[in-house]
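Order of the sequence lines sets the chain letters (A, B, ...), proteins ahead of strands, with each chain counted from 1.
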Amino acid sequence: MSKKRDAKKIVYESARDFPQMPMSQGSMLWNKTGSWRNIRPEIHLEKCTQCGICWKFCPDMSIVIENEFPAVDYDYCKGCGICAAECPMKCIVMVEERK
Amino acid sequence: MSKQKKMTLTLPTEELVGSGNLACQGCGANLALRYVLKAFGKRTAICIPACCWAVIDGPFPYSCLGIPVYHCAFETAASTATGVKAGLEMIGDTETQVIAWAGDGGTFDIGIQSLSAAAERNDDILYVCYDNEAYMNTGIQRSSATPTGAWTTTTPVKFPKDQPKKDIDAIMAAHRIPYQATASIAYPEDLYKKAVKAKNIRGTKFIHVLAPCPTGWKSRPEDAVKLARLAVQTSYFPLYEVEDGEKYTLNFKIQNKKSIDEYLKLQGRFRHLKPEAIAAIQAEVDRNWDRLLKKVTAR
């Protein structure tokens, strides 16, 4: 996936390395927002009807489509619970995060 | 899992808003830009004044958007977009679209002069106001988009806001711009359709999106989409389009209007309201709805 390739933090060794114009140099993918959550979604695919509603309403683009079924990208899921609340079949459950 | 059915996707799969952004959990503004950029595609430049999205996009060497972003001053979203569009036309690029993406503070209060000026000149830009009904980015201060009775840090429970929400859509309709619409994140197909329509119209376009903010509305993050849906179903935020300031089209016909109580009780910012205050809000919502129906039927 292209996400893994871009997930690098930009480090400037000295002031000379700064770009001349304040322009963005990379994406925010280094910021693993998955560490923000305290509840995590789990998808039980037995009941899934592939309606795509969880994918449609995810604010963090962390529901990805794998083999025509939804899967959660736990690197970036912030644990808001919109997917579990909106799933018409109730096949997404929010469980407590364990460390 | 033996079935090999295709997943039903009602929107394109191209994502121009990247993961790892700094939005709060359950952010409505994030969803709004995601749907608009799905419609606009890669050949777009976006101008963002000081608003939540100036933070969500990321700090200096990073940007979570896959398109060029111009961070401009608070009051200049529309005029910056006009300038970017003029510059593009000067170098012969007529294809690239320019979006001004401002919050409700940057549209209703601070940026209204530049928006009004751009609408008067009929510059070819799309102005999107994602409305989270207060200055959420700076710490939930009251704006002129805040509804009556809502708690904010500058209108505490003892002194709630008395004034109703400013009717920005009527103000924009008075400018006779080619296209304007209201949209909600709970109806992404509708928002996508409106963005595609706006893309194919030359002139100033205005879209007003209701974007729930769980942090500022003191609601649960998982209710964000539900709140946006209830706002439409209670006719608090009806979905309609206006062409040339005259032709009103209602997109979501409400058969059984829900009581505003259902919408208010999910939000902590309305917890202090007494039944009389709720009845007053209901009367205000009904009055606005009747006013809109008159415009739709008048043509």
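One finds the CE atom of A:Met61 at 5.0 Å from the CG atom of B:Asn30 (value rounded to the nearest 0.5 Å). The line from CD1 of A:Ile53 to CG of B:Leu9 is 11.0 Å long, rounded to the nearest 0.5 Å. One distance of note links CG of B:Leu11 with NZ of A:Lys56; it measures 6.5 Å at 0.5 Å rounding. A distance of 5.0 Å separates CE of B:Met7 from SG of A:Cys54, quoted to the nearest 0.5 Å. Here B:Phe60 contributes atom CZ and A:Phe18 contributes atom CZ; the two are 6.5 Å apart, rounded to the nearest 0.5 Å. Remark: A:Phe57 CZ to B:Arg34 CZ distance equals 10.0 Å, nearest 0.5 Å.
The nearest pair of heavy atoms linking B:Thr13 to A:Trp55 is CA-CZ2, 3.9 Å. Of all heavy-atom pairs between B:Gly26 and A:Pro59, the closest is CA-CG, 4.2 Å. Across every non-hydrogen atom of A:Tyr12 and B:Pro61, the tightest pair is OH-CB, 3.7 Å.
Interface summary for chain B: among A:Pro70, A:Cys83, A:Gly34, A:Gly79, the most heavy-atom pairs under 4.5 angstrom belong to A:Pro70. With chain A as the partner, the residue from B:Leu22, B:Leu33, B:Leu65, B:Ile185 showing the most heavy-atom pairs under 4.5 Å is B:Leu22. Residue with the most contacts toward chain A among B:Gly58, B:Pro188, B:Pro214: B:Pro188 (heavy-atom pairs, distance under 4.5 Å).
For A:Glu96, the CD atom counts as loosely surrounded, since its 6.0 Å shell holds 12 or fewer non-hydrogen atoms of other residues, nucleotides or ligands. More than 12 heavy atoms of other residues, nucleotides or ligands sit less than 6.0 Å from atom NZ of B:Lys38. Under a cut-off of 6.0 angstrom, the local environment of OH in B:Tyr70 is sparse, with at most 12 non-hydrogen atoms contributed by other residues, nucleotides or ligands.
Side chain of A:Tyr76 to main chain of B:Asn21: no donor-acceptor pair is present (N/O by atom type, distance under 3.5 Å, no hydrogens or angles). Side-chain atoms of A:Arg37 never come within 3.5 Å of backbone atoms of B:Gln25 as a donor-acceptor pair (strictly under, hydrogens ignored). In terms of modelled atom types and a separation under 3.5 Å, the side chain of A:Glu68 and the main chain of B:Lys6 share no donor-acceptor contact. The main-chain N or O of B:Ala23 is found under 3.5 Å from a side-chain atom of A:Lys78 such that the two form a donor-acceptor pair.
Taking the six-membered ring where the residue is Trp, A:Trp30 and B:Tyr62 present tilted rings, their angle falling between 30° and 60°.
Neither the backbone nor the side chain of B:Ala32 has a heavy atom closer than 4.5 Å to any heavy atom of chain A. Contacts of B:Asp223 with chain A are absent, with no heavy-atom separation under 4.5 Å from either backbone or side chain. With a 4.5 Å cut-off on non-hydrogen atoms, A:Lys32 does not touch chain B at all. Heavy-atom distances place both the backbone and the side chain of B:Val17 under 4.5 Å from chain A. Neither the backbone nor the side chain of B:Arg220 has a heavy atom closer than 4.5 Å to any heavy atom of chain A. With a threshold of 4.5 angstrom between heavy atoms, A:Pro19 approaches chain B through side-chain atoms but not through N, CA, C or O. Residue A:Met94: no heavy atom, backbone or side chain, is found under 4.5 Å from chain B. Residue A:Ile10 touches chain B through both its backbone and its side chain, counting heavy-atom pairs closer than 4.5 Å.
Two residues are said to be in side-chain contact when any heavy atoms from C-beta on lie closer than 4.5 Å; B:Ser19 and A:Leu29 meet this criterion.
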